[in-house]
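Heads up: the structure comes next, in structure tokens.
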Amino acid sequence: MRLARTVYSADGRVLLQAGIVLKDSYIERLQALGFPAVYVGDPEAAERFRDVVSESTRRHAIAVVKESFEEVKLGSTLKLEPIAQVVNDIVDEIVSTREVVLPLTDIRKHDDYTFGHSVSVCVISALLGVALELDDLTLRELAMGAILHDVGKVKIPEKILLKPAPLSAKEWNEMRKHTLYGFQLLRGRDGLSSRAAHVAYQHHERIDGSGYPRALAGDKIHLFARIVAVADTYDAMTSDRIYRRGVTPFEALQELKELASEGRRQLDKDVVNVFLANVAFFLPSCKAKLDTRE
Ligand SMILES: [Fe+2]
């Protein structure tokens with residue numbers, strides 16, 4: 001099989017170039033490095049289906065988020081400026097792109113999950129913000145809140161974060177605190193709007209009031225947090241994790257619809273509808289079975 005997309009390390013170095021024929025030894029090495037999958041096929045065909053944000057911008061953003069979060073882990077203050085720069089690059093690319101949006105799943109190493117996830121949630125939230133016709137300043141504030149939504153996880157012990165099994169009640173309680181920790185890290189920071197800081201605090205609140213940490217309901221949850229909740233849920237569902245495989249974009253779409261339905265009231269219905277109306281969930285050449293059985 002030929003590699004259809006270049007495989008990068010977490011810090012943006014090329015590990016295997018698109019087009020290369022995969023040997024057993026490469027596959028073993030990729031597995032040892034923790035890659036759950038790669039894209040195979042014709043690299044030129046893959047090139048036509050470009051992601052809404054370029055690979056280099058995405059890789060750079062992941063590297064910046066990783067470095068910034070790891071500094072906070074070591075006790076430094078979170079540096080917002082480099083993050084604001086990559087957020088601006090992401091928003092600029094999204095605003096200027098006129099192509100069909102394809103939610104290409106970023107294939108990540110398991111232990112880099114938080115960083116890749118932060119960037120994907122930023123990209124998806126910004127797409128939703130554009131579709132919701134937010135003005136430019138608001139869009140950038142939303143994207144900044146989105147990329148930082150899980151920053152509080154730097155305060156959660158790794159044995160909980162990376163546990164390859166369901167969490168105990170005690171561990172789950174600790175995990176939930178990442179919302180408050182994130183808000184505490186971001187609140188009152190120069191150059192960060194308070195609504196962006198509230199994304200960290202509120203992104204696990206749910207429309208019916210069943211979320212955490214404050215069990216806010218409906219409009220009491222800020223629009224930014226309602227948008228990021230949809231992006232977060234979508235990306236978490238479609239990503240491979242240590243303990244399970246991700247679902248396809250189409251399966252995730254059905255699940256989002258279900259979570260926004262009257263019966264469930266977990267996610268904001270309007271935001272989910274905007275997502276469904278603006279994102280292409282099928283790649284060209286993808287096989288589908290119609291209800292006519294064709
Ligand atoms: Fe979270």
How close do [X] and [Y] get, counting heavy atoms only, and between which atoms?
{"X": "A231", "Y": "I124", "value": "CB-CG2, 3.6 Å"}
{"X": "A146", "Y": "C122", "value": "CB-CA, 3.7 Å"}
{"X": "S120", "Y": "D235", "value": "CB-OD1, 3.3 Å"}
{"X": "P82", "Y": "K79", "value": "CD-O, 3.7 Å"}
{"X": "V121", "Y": "V228", "value": "CG1-CG1, 3.8 Å"}

Under 6.0 Å from the CD atom of E70, do we count more than 12 heavy atoms belonging to anything else shown? yes
Between [X] and [Y], is there a shared hydrophobic cluster once you connect ILVMFWY residues whose side-chain heavy atoms come closer than 4.5 Å?
{"X": "Y201", "Y": "I147", "result": "no"}
{"X": "V271", "Y": "L216", "result": "no"}
{"X": "V130", "Y": "M144", "result": "yes"}
{"X": "F183", "Y": "V151", "result": "no"}
{"X": "I207", "Y": "L256", "result": "no"}

No-hydrogen, no-angle side-chain donor-acceptor test under 3.5 Å, S68 and E71: no
Is the shortest side-chain heavy-atom distance between [X] and [Y] below 4.5 Å?
{"X": "L148", "Y": "V199", "value": "no"}
{"X": "S56", "Y": "R59", "value": "no"}
{"X": "L3", "Y": "Y39", "value": "no"}
{"X": "I83", "Y": "L78", "value": "yes"}
{"X": "K73", "Y": "K155", "value": "no"}
{"X": "M237", "Y": "E255", "value": "yes"}
{"X": "L33", "Y": "L15", "value": "yes"}

Roughly how far, to the nearest 0.5 Å, is [atom2] of [Y] from [atom1] of [X]?
{"X": "K269", "Y": "L259", "atom1": "NZ", "atom2": "CG", "answer": "13.0 Å"}
{"X": "L132", "Y": "D270", "atom1": "CG", "atom2": "CG", "answer": "8.5 Å"}
{"X": "I156", "Y": "L161", "atom1": "CD1", "atom2": "CG", "answer": "6.5 Å"}
{"X": "L167", "Y": "R176", "atom1": "CG", "atom2": "CZ", "answer": "11.5 Å"}
{"X": "I227", "Y": "F275", "atom1": "CD1", "atom2": "CZ", "answer": "12.0 Å"}
{"X": "K170", "Y": "I160", "atom1": "NZ", "atom2": "CD1", "answer": "8.0 Å"}

Is a side-chain donor or acceptor of [X] paired with a backbone partner of [Y] at a separation under 3.5 angstrom?
{"X": "Q266", "Y": "R206", "answer": "no"}
{"X": "S76", "Y": "V72", "answer": "no"}
{"X": "N278", "Y": "V274", "answer": "yes"}
{"X": "E205", "Y": "Q202", "answer": "no"}

Let me have the donor-acceptor pairs involving side chains of residues 217-226, under 3.5 Å, with sequence neighbours excluded, atom names and distances please.
residue : atom : partner : partner atom : Å
H222    : ND1  : F224    : N            : 2.9
R226    : NE   : I221    : O            : 2.9
R226    : NH1  : D268    : OD2          : 2.8
R226    : NH2  : I221    : O            : 3.4

Side chain to side chain contact (heavy atoms under 4.5 Å, CB included) partners of E93, counting only residues at least two apart: V53, S54, T57
Under the side chain to side chain contact (heavy atoms under 4.5 Å, CB included) test, which residues partner D135, sequence neighbours left out? L137, T138
Sorted by first residue and then second, give each side-chain hydrogen bond (donor to acceptor under 3.5 Å, both in side chains) pair with at least one member in residues 180-189; sequence neighbours left out. E174-Y181
Can you tell me which residue pairs pass the ring-ring contact (aromatic ring centres under 6.0 Å, His included) test with a partner in [range], sequence neighbours excluded?
{"range": "residues 129-171", "value": "H117-H149, H149-H203"}
{"range": "residues 56-94", "value": "none"}
{"range": "residues 156-175", "value": "none"}

Is there a side-chain contact (heavy atoms from CB on, under 4.5 Å) between V65 and T114? Walk through the geometry before answering. CA-CA 9 Å; V65 169; T114 301; over 6 Å; no
Quick one: list whatever passes salt bridge (Lys or Arg N to Asp or Glu O under 4.0 Å) with [X], sequence neighbours left out.
{"X": "R195", "value": "E141"}
{"X": "R264", "value": "E258"}
{"X": "K257", "value": "none"}

Test side-chain contact (heavy atoms from CB on, under 4.5 Å) on H198 and L186; report intermediate values, then the result. CA-CA 9 Å; H198 272 279; L186 301 175; over 6 Å; no
Please tabulate, one pair per line, all N/O donor-acceptor pairs under 3.5 Å involving side-chain atoms of residues 18-32, not counting sequence neighbours.
none

Just jot down the ring pair (Phe, Tyr, Trp, His ring centres under 6.0 Å) partners of H204, sequence neighbours excluded, or say none. H178, Y212
